Colleague: 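Below you will find the structure I want to go over with you.
Computed from heavy atoms alone, side chains included, the values below leave out hydrogens, waters and symmetry copies. Keep in mind it's a predicted model, so treat the numbers as computed, not measured.
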Amino acid sequence: MYFFVFVFLIVSLVPAQQSVVRNSPTDDPQSNAIGYLCSNETTQAWLDIVFVIDTSDAMSRRNFNSLVGQIATFMQPFTFGQTEKHTIRVAVITYGINVVEQYLLTDTTDFENFIDFLFDLSFNLQFDENGANAQGALQEAYYLLLSESSFRKPLIILIAASYDKAGFNGADKTANAIKNNGINIIVINFASSDGVLTNALQKISSPGFYYVSNQDNINSLIPFALTQINCFCPSGYIQFRYYNTAWKNYTNYAECLFGFSSDTLPTVATRVCKPGILVPITSQTKFDFIADHVLPHELPGKKKFTIGLHKSSSADEEWKWWGYNETEYSLGNYPSMFDIPNKEDNYGYFWNHYGFNWTLQTGNNVELPYICQLRACDAEYICDQTQAKKMLEKVY
């Protein structure tokens, strides 16, 4: 009997003529982060929220009181108000057969007043309408957000307990029109056992913002969702976001990306990007997002582009990324350098040398297309939402 030993050789994907240069270790968490996380500071959020609540005969007074308790729990961490910048305003629209504005955004004073109103409303409602005009309620919520708009980020929270074929007719189209106008819709299903209702609500909700009222951790999931919605980019920018297949939702990052395809000196590109920065790419996840969403839109057909990696002017001449507010942080584990930089090299760039393979290169003021990154609006940062992307001439 013969015994054969098979030895499997793992061949490096790095071309033979190149040797990987190990990056220096760093303790800065930014160096190895997927991206710049959005603030989840609920007390600083600035939102206009319209609750659209099903009060048909499917939602009893007992269930409504339970719902109010849940709303009070997940909304308690937020700061309510009209005049202060980092505050939220809330409104309430109820619907059965009829759609009724119960509490306006301009009625908002404080958290206690809002919760008192909801408990009082429970005893004033009849819960006897055999119908659920969700389409009309969404439309009314949209009109309310338009008529009482403020600097705050608008959104709708739809809470549904029943499906009505007539009442849901066209609701998905209305929801799509609302979402296309930059307004997210969170959905809370109060009757998850109803498969028809579930299917209809999933079509209405914004991607990643569908919930069931009795699911685990909903009282922490909703505040996180609200701060995620409060993290957004002005029109004309591409926001970096990552889809979590396990949680079936997106994580937004406080990064607004845009690019210019004209060959430009990196020292000049840093000025064009202001008040942003040349893009830092500290993870494969972020690079994949850029390759899939930014390059085809901003730099179609380009094989090289400048990034924010640069030789620091500090005494150690370490390779670093630009951060917001004129800060710097060290190159981490990604991307790896495949060649030792020449002494005169001062900026990094990515090179698509074949197929889908990109490598990090360095050079001395190499004129290339480039990608910029602007800090996104988030709970702690009220940005200029009216600013337009710099309209420099693009050469493709």
Side-chain angles (χ1 to χ4, degrees), residues 47-68 70-71 75 88-108 113-150 152 154-191 194 196-206 209-211 213 222:
L47 300 163
D48 277 340
I49 307 170
V50 179
F51 285 88
V52 177
I53 305 175
D54 182 346
T55 54
S56 67
D57 55 5
M59 176 73 78
S60 65
R61 181 169 286 107
R62 176 179 173 179
N63 285 338
F64 188 84
N65 281 336
S66 173
L67 172 63
V68 172
Q70 197 168 54
I71 292 173
M75 293 304 295
I88 67 165
R89 301 189 304 170
V90 290
V92 177
I93 292 173
T94 59
Y95 72 95
I97 295 175
N98 299 301
V99 176
V100 182
E101 290 184 347
Q102 302 283 3
Y103 192 91
L104 303 179
L105 294 169
T106 51
D107 291 332
T108 303
N113 176 271
F114 174 61
I115 299 305
D116 287 346
F117 165 79
L118 287 177
F119 277 117
D120 290 344
L121 181 63
S122 174
F123 292 99
N124 294 326
L125 294 170
Q126 299 303 313
F127 303 99
D128 60 356
E129 294 185 10
N130 185 20
N133 186 7
Q135 192 276 338
L138 287 171
Q139 200 168 52
E140 193 65 29
Y142 178 63
Y143 293 149
L144 177 59
L145 287 169
L146 290 182
S147 63
E148 297 190 351
S149 64
S150 71
R152 299 172 180 85
L155 70 123
I156 295 169
I157 299 180
L158 171 65
I159 303 170
S162 61
Y163 177 81
D164 171 35
K165 184 175 181 180
F168 273 79
N169 184 33
D172 55 341
K173 293 181 180 178
T174 297
N176 286 337
I178 291 170
K179 290 180 285 188
N180 288 338
N181 278 283
I183 298 174
N184 282 283
I185 302 176
I186 292 176
V187 167
I188 301 176
N189 187 345
F190 215 74
D194 185 335
V196 178
L197 175 63
T198 297
N199 183 59
L201 293 178
Q202 288 175 338
K203 292 179 180 178
I204 288 171
S205 67
S206 296
F209 293 121
Y210 169 82
Y211 304 95
S213 60
I222 298 298

Colleague: For S147 versus L144, what's the shortest heavy-atom pair and its separation?
Modeller: OG-O, 3.1 Å
Colleague: Could you pull out all residues at least two apart from Q139 that satisfy side chain to side chain donor-acceptor pair (under 3.5 Å)?
Modeller: none
Colleague: Applying salt bridge (Lys or Arg N to Asp or Glu O under 4.0 Å), name anything that partners D48, two or more places apart in sequence or on another chain.
Modeller: R89
Colleague: Testing the basics here: between V99 and A137, what is the closest heavy-atom pair and its distance to 0.1 Å?
Modeller: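 Heavy atoms of V99 and A137 come nearest at CG2-N, 3.7 Å.
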Colleague: Quick one: closest heavy-atom pair of T55 and T94, and the distance?
Modeller: OG1-CB, 3.6 Å
Colleague: Measuring only between side-chain heavy atoms, which start at C-beta, is L155 closer than 4.5 Å to I186?
Modeller: yes
Colleague: Taking CG in N113 as the centre, count heavy atoms belonging to other residues, nucleotides or ligands within less than 6.0 Å. Is the count above 12?
Modeller: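 Check passes, neighbour count above 12.
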Colleague: Looking at CG of L201 and CG of D172, how far apart are the two atoms once the value is rounded to the nearest 0.5 Å?
Modeller: 11.0 Å
Colleague: Could you pull out all residues at least two apart from N63 that satisfy side chain to side chain donor-acceptor pair (under 3.5 Å)?
Modeller: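 Partners of N63 by the side chain to side chain donor-acceptor pair (under 3.5 Å) criterion, ordered by chain and then number, come out as S60.
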Colleague: Could you list the residues that satisfy side chain to side chain donor-acceptor pair (under 3.5 Å) with N65, not counting sequence neighbours?
Modeller: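 Testing N65 for side chain to side chain donor-acceptor pair (under 3.5 Å), a comparison that skips the adjacent residues, returns S122.
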Colleague: Dump the intermediate steps for side-chain contact (heavy atoms from CB on, under 4.5 Å) on V52 and I157, then the final yes or no.
Modeller: CA-CA 6 Å; V52 177; I157 299 180; over 6 Å; no
Colleague: Is there a side-chain contact between D57 and F127, using heavy atoms and a 4.5 Å cut-off?
Modeller: no
Colleague: Side chain of N169, backbone of K165: donor and acceptor closer than 3.5 Å?
Modeller: no
Colleague: Can you name the residues that form a side chain to side chain contact (heavy atoms under 4.5 Å, CB included) with K173, not counting sequence neighbours?
Modeller: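 K173 satisfies side chain to side chain contact (heavy atoms under 4.5 Å, CB included) with no other residue.
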Colleague: Applying ring-ring contact (aromatic ring centres under 6.0 Å, His included), name anything that partners Y95, two or more places apart in sequence or on another chain.
Modeller: none
Colleague: May I have the step-by-step check of side-chain contact (heavy atoms from CB on, under 4.5 Å) for N189 and Y211, ending in yes or no?
Modeller: CA-CA 6 Å; N189 187 345; Y211 304 95; over 6 Å; no
Colleague: Name all residues meeting the ring-ring contact (aromatic ring centres under 6.0 Å, His included) criterion together with F209; count only those two or more places apart in sequence or in a different chain, and write none if there are none.
Modeller: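 Here no residue qualifies.
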Colleague: Between the side chain of E148 and the main-chain N/O of T106, is any donor-acceptor distance below 3.5 Å?
Modeller: yes
Colleague: Go through the structure and list residues passing side chain to side chain contact (heavy atoms under 4.5 Å, CB included) with S213, not counting sequence neighbours.
Modeller: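 Expected list: Q70, I188, F190.
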Colleague: Would you mind reporting whether I53 and I93 have side-chain heavy atoms less than 4.5 Å apart?
Modeller: no
Colleague: Quick one, L118 and Q102 - any side-chain contact, counting heavy atoms below 4.5 Å?
Modeller: no
Colleague: Suppose we screen for ring-ring contact (aromatic ring centres under 6.0 Å, His included). Which residues come up paired with Y103, at least two apart in sequence or across chains?
Modeller: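 By the ring-ring contact (aromatic ring centres under 6.0 Å, His included) rule, Y103 matches F114, F117.
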Colleague: Scan residues 119-129 for pairs that pass salt bridge (Lys or Arg N to Asp or Glu O under 4.0 Å), counting only residues two or more places apart or in two chains.
Modeller: none
Colleague: Within the 4.5 Å heavy-atom criterion, are N130 and D164 side-chain neighbours or not?
Modeller: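 A side-chain contact under 4.5 Å is absent here.
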Colleague: Using the test side chain to side chain donor-acceptor pair (under 3.5 Å), find all partners of S162 that sit at least two apart in sequence or belong to another chain.
Modeller: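 Partners of S162 under the side chain to side chain donor-acceptor pair (under 3.5 Å) test: D54, S56.
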Colleague: Run I88 and M75 through side-chain contact (heavy atoms from CB on, under 4.5 Å) and show every step you take.
Modeller: CA-CA 10 Å; I88 67 165; M75 293 304 295; 3.4 Å; yes
Colleague: Looking at every heavy atom in both V187 and S205, which two are closest together, and how far apart are they?
Modeller: CG2-CB, 3.6 Å
Colleague: Below 4.5 Å, heavy atoms only, C-beta onward: do L121 and V68 meet side chain to side chain?
Modeller: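 In short, these two side chains do not touch, never coming nearer than 4.5 Å.
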Colleague: Are the side chain of S206 and the backbone of I185 linked by a donor-acceptor contact shorter than 3.5 Å?
Modeller: yes
Colleague: Could I get the full list of side chain to side chain contact (heavy atoms under 4.5 Å, CB included) partners for Q202, not counting sequence neighbours?
Modeller: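 Here the qualifying residues are T198, Y210.
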Colleague: Between atom CG of N124 and atom CZ of R61, what is the distance when rounded to the nearest 0.5 Å?
Modeller: 8.5 Å
Colleague: Quick one: do L145 and I156 satisfy side-chain contact (heavy atoms from CB on, under 4.5 Å)? Show the steps, please.
Modeller: CA-CA 9 Å; L145 287 169; I156 295 169; 3.8 Å; yes
Colleague: Answer whether the closest heavy-atom distance between the side chains of N181 and Y142 falls below 4.5 Å.
Modeller: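 Counting from C-beta outward, N181 and Y142 do come under 4.5 Å.
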Colleague: Assess whether atom NZ of K179 is packed by more than 12 heavy atoms of other residues, nucleotides or ligands within 6.0 Å.
Modeller: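 Counting neighbours around NZ of K179, more than 12 heavy atoms of other residues, nucleotides or ligands fall under 6.0 Å, so yes.
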Colleague: Quick one: does L138's side chain get under 4.5 Å of I178's, heavy atoms only?
Modeller: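 When only atoms from C-beta onward are counted, I178 and L138 do touch, with a gap below 4.5 Å.
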